[in-house]
Each structure stands twice: as C-alpha cells, then as structure tokens.
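Below is one structure, written out as structure tokens, with a few remarks after it.
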Amino acid sequence: MAKATKKQALGRGLSALLKDPDNDIKSVDDKNADKVVGNIIELELESIDVNPFQPRTSFNDETLRELATSIKEVGVIQPITVRKLDFDNYQLVSGERRFRASKLAGLKTIPAYIRIANDQESLTMALVENIQRQDLDPIEIALSYQRLIDEISLTQEQLSDRVGKKRSTIANYLRLLKLDPIVQTGMRDGFISMGHGRALINIDDQQQQLDIYERIIGKSLSVRETEKLVRSLNDTGENSSNPKATGNNVLPKHIAKGVKEFSDYFGAKIDVKVSGKGSGKLIIPFSSEEDFKRLKKLINSED
C-alpha cells in the first residue's frame, strides 16, 4: 500500500516552554500565553489525566487496536484537546480514543491543543485568524472549523458569519475529516488536492477509498478523472451506498436535489430510501460521538 509521508511533529519548542516552572502559564494574561492559545503542542502522554466526567466509559478494543495501527502508520492526524490543571499537568477534554490508541501504539507524546483559564475569546480570535492564512492545507482548515464548532459551540451558520465563508463551503471542508487517515495525510502532504478528497468522500467503503487513493497517486489521476472513476463505481453499484438510486428505481429530480441540499447542510452523505408510493426516509450517518453531537446541534438550531 502506498504510504503518505508523515507530517513532522509540531510544537516541540513550545513543549519546552511549558516545562519552565519559573514562567508557568496559567491564564491568557501570563507571559507567552499567546504562543499557547490556538497552537498544536507536543505533550507527554504521562502528563495527561483522563476526564473523570467523561460520559463515555466503554471503548471497543478492536477499534482501538485498528486506530493504534493507523497512528503507528501515519501519526495522530487530529490533535486531542486538554485543559491545563497545574504545572505540567493536564486533563483530557476531547479525543480519549486517540489518547488511548496512542498509548497502545507505544507513543510517548501526542499533539494537543491546550485550553487555559479565560482563553475562550482568545482561542476564537486565534482560530479565526489562523483560518485566514494562505498557507494552510485543507485538513488544517477543516480541523480549525471543527474546533470552533466543538469548543466554542458554534453552529455552521454562526461559523459562516464568523469566518466570512458560505455554509456549504464550511460543510465541504468538514466532510474531509471523514476520509481515511491515510488519505487525510496524503492531502496534508500535497500528494492529492482537496478536489480529489471531495471525490473520495463519495466512496463509503474504506478499503475501496484507499485503493482509489493509490490509483490517483500511481497513475497521477486528475480531479476530473477521479470524479469520473468514482461515478463509474457508483453507477455500477460497486460502492455500497449509492444515493442516486434505491433498488432499480432512479430518484425523482426533486428528491435528488433535496438530498444534495441536506448533504451540504449536514456536511454528511445523506442516504434516501423511497417506496413506490412516494414515501420514504432519510438516513443521516455519523462517524463518532462528537460527530453525532455536531449533527444534533444543527438540527436543534433550526427549532
């Protein structure tokens, strides 16, 4: 299998800064606090405690091992978030599966975002400013959007107003986070473009997604060629979930258009089942507990 080059770990210099007891950072008003807020910092796993109030207490051993294998191969793609408790002592806020899998993989450190006292507005400003940079790759932008949604409790509509982007644009970036970690790493390292990634999102089967990723790299496929390949797989039924048809029946145009609008809004590939009498149901997939909460917020925001 073709492997994307690992992205070099970030924040090692900042890690040393946090080890200085004479300049311990406790709030955004402290010296060097601006270097911490909004940045990725490598933290030692042994300095992080799990959150005792974490509602999720059961973790599937098999999926943790699979995630550990992925981490060994491409590293931790999405940093965890921790809260600073004391000098060189942190508590996990989000990312416990990544935290546990990293330990299982034998890692000593993990990339993390650090929350410190009274940093919410500073964090918002730092993330919005970061998104405006010109040198960010699509995954970095998507991660920043996701942080604003998760940590600042913004809806996609509110996020759209904050960063001056259409909600559909934000949804398209967020959908990239559903790609296999190897594909995400390939995008971060410039092996494929966002256009390639958006085409691959329409492939539900993970192994098939990776197979096409390898073909893109091996044969230098353009975005248009990749889209054509994905369409051909969907049309022949090789992709397990084809949104354009149910059984042998092609969806009516008004439903197909509506499904696309739903997909853009929720940032997820919506499936639809339609009966011969015109009734049916929509299926909204989610990839994690965090993703489920994101969808719930979107639905509640319309109340």
Side-chain angles (χ1 to χ4, degrees), residues 1-7 66 69-70 73-75 77-78 131 134-146 156 165-246 250-251 253 255-272 283-288 291:
M1 177 178 291
K3 294 181 183 178
T5 304
K6 291 184 181 179
K7 201 171 185 72
E66 290 175 354
T69 300
S70 173
E73 190 166 5
V74 299
I77 300 298
Q78 184 173 354
I131 291 169
Q134 299 298 312
D135 59 343
L136 293 182
D137 62 64
I139 298 300
E140 288 173 321
I141 295 173
L143 289 172
S144 293
Y145 286 154
Q146 192 64 59
Q156 287 191 18
K165 300 288 185 181
K166 293 181 179 179
R167 188 172 64 186
S168 59
T169 298
I170 292 170
N172 284 331
Y173 273 103
L174 291 172
R175 291 180 69 203
L176 297 177
L177 298 179
K178 301 181 187 303
L179 290 168
D180 183 274
I182 291 178
V183 179
Q184 290 188 40
T185 302
M187 195 178 304
R188 297 193 73 165
D189 291 335
F191 289 105
I192 62 172
S193 69
M194 181 176 177
H196 289 106
R198 289 183 61 183
L200 286 171
I201 289 171
N202 295 308
I203 297 296
D204 295 318
D205 183 82
Q206 190 176 63
Q207 186 55 55
Q208 191 176 53
Q209 193 180 97
L210 291 174
D211 290 342
I212 296 176
Y213 169 69
E214 290 187 358
R215 289 172 69 176
I216 293 171
I217 295 176
K219 297 185 178 181
S220 300
L221 297 182
S222 66
V223 172
R224 182 168 295 183
E225 289 171 331
T226 303
E227 291 172 342
K228 183 177 180 181
L229 175 59
V230 170
R231 280 198 301 269
S232 69
L233 291 175
N234 283 334
D235 290 343
T236 57
E238 291 182 39
N239 189 19
S240 60
S241 183
N242 183 355
K244 295 182 179 180
T246 303
V250 177
L251 291 178
K253 288 184 178 180
I255 295 181
K257 180 182 178 182
V259 169
K260 183 179 184 305
E261 291 174 351
F262 276 126
S263 296
D264 288 343
Y265 177 72
F266 287 109
K269 184 180 177 184
I270 306 300
D271 193 15
V272 60
I283 301 174
I284 307 175
F286 57 92
S287 57
S288 65
D291 194 32

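By convention here, the first residue in the shown sequence is residue 1.
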Interatomic distance, [X] atom [atom1] to [Y] atom [atom2] [nearest 0.5 angstrom]:
| X | Y | atom1 | atom2 | result |
| --- | --- | --- | --- | --- |
| H196 | I217 | NE2 | CD1 | 9.5 Å |
| I192 | I212 | CD1 | CD1 | 11.0 Å |
| L210 | D205 | CG | CG | 9.0 Å |
| Y145 | I170 | OH | CD1 | 5.0 Å |
| R175 | I201 | CZ | CD1 | 4.5 Å |

Take R188 and L143 through the side-chain contact (heavy atoms from CB on, under 4.5 Å) test and state the conclusion after the steps. CA-CA 12 Å; R188 297 193 73 165; L143 289 172; 4.0 Å; yes
Which pair of non-hydrogen atoms, one from [X] and one from [Y], has the smallest distance, and what is that distance?
| X | Y | answer |
| --- | --- | --- |
| Q156 | A171 | OE1-CB, 3.6 Å |
| S193 | V223 | OG-CG2, 3.4 Å |
| P181 | V74 | CB-CG2, 4.1 Å |

Give the C-alpha distance, both sets of side-chain angles, the deciding distance and a yes or no for side-chain contact (heavy atoms from CB on, under 4.5 Å) between L200 and I216. CA-CA 10 Å; L200 286 171; I216 293 171; 4.0 Å; yes
Is any side-chain heavy atom of P138 closer than 4.5 Å to a side-chain heavy atom of I141? no
Given side chains that start at C-beta, do those of Q184 and L177 come closer than 4.5 Å, heavy atoms only? yes
Y173 and Q146: side-chain contact (heavy atoms from CB on, under 4.5 Å), yes or no, with the steps? CA-CA 9 Å; Y173 273 103; Q146 192 64 59; over 6 Å; no
So does D180 get a backbone contact from the side chain of Q209, meaning a donor-acceptor N/O pair under 3.5 Å? yes
Between E227 and A199, is there a donor-acceptor pair closer than 3.5 Å when you use the side chain of the first and the backbone of the second? no
side-chain contact (heavy atoms from CB on, under 4.5 Å) with Y213: which of L221, T226, I182? I182
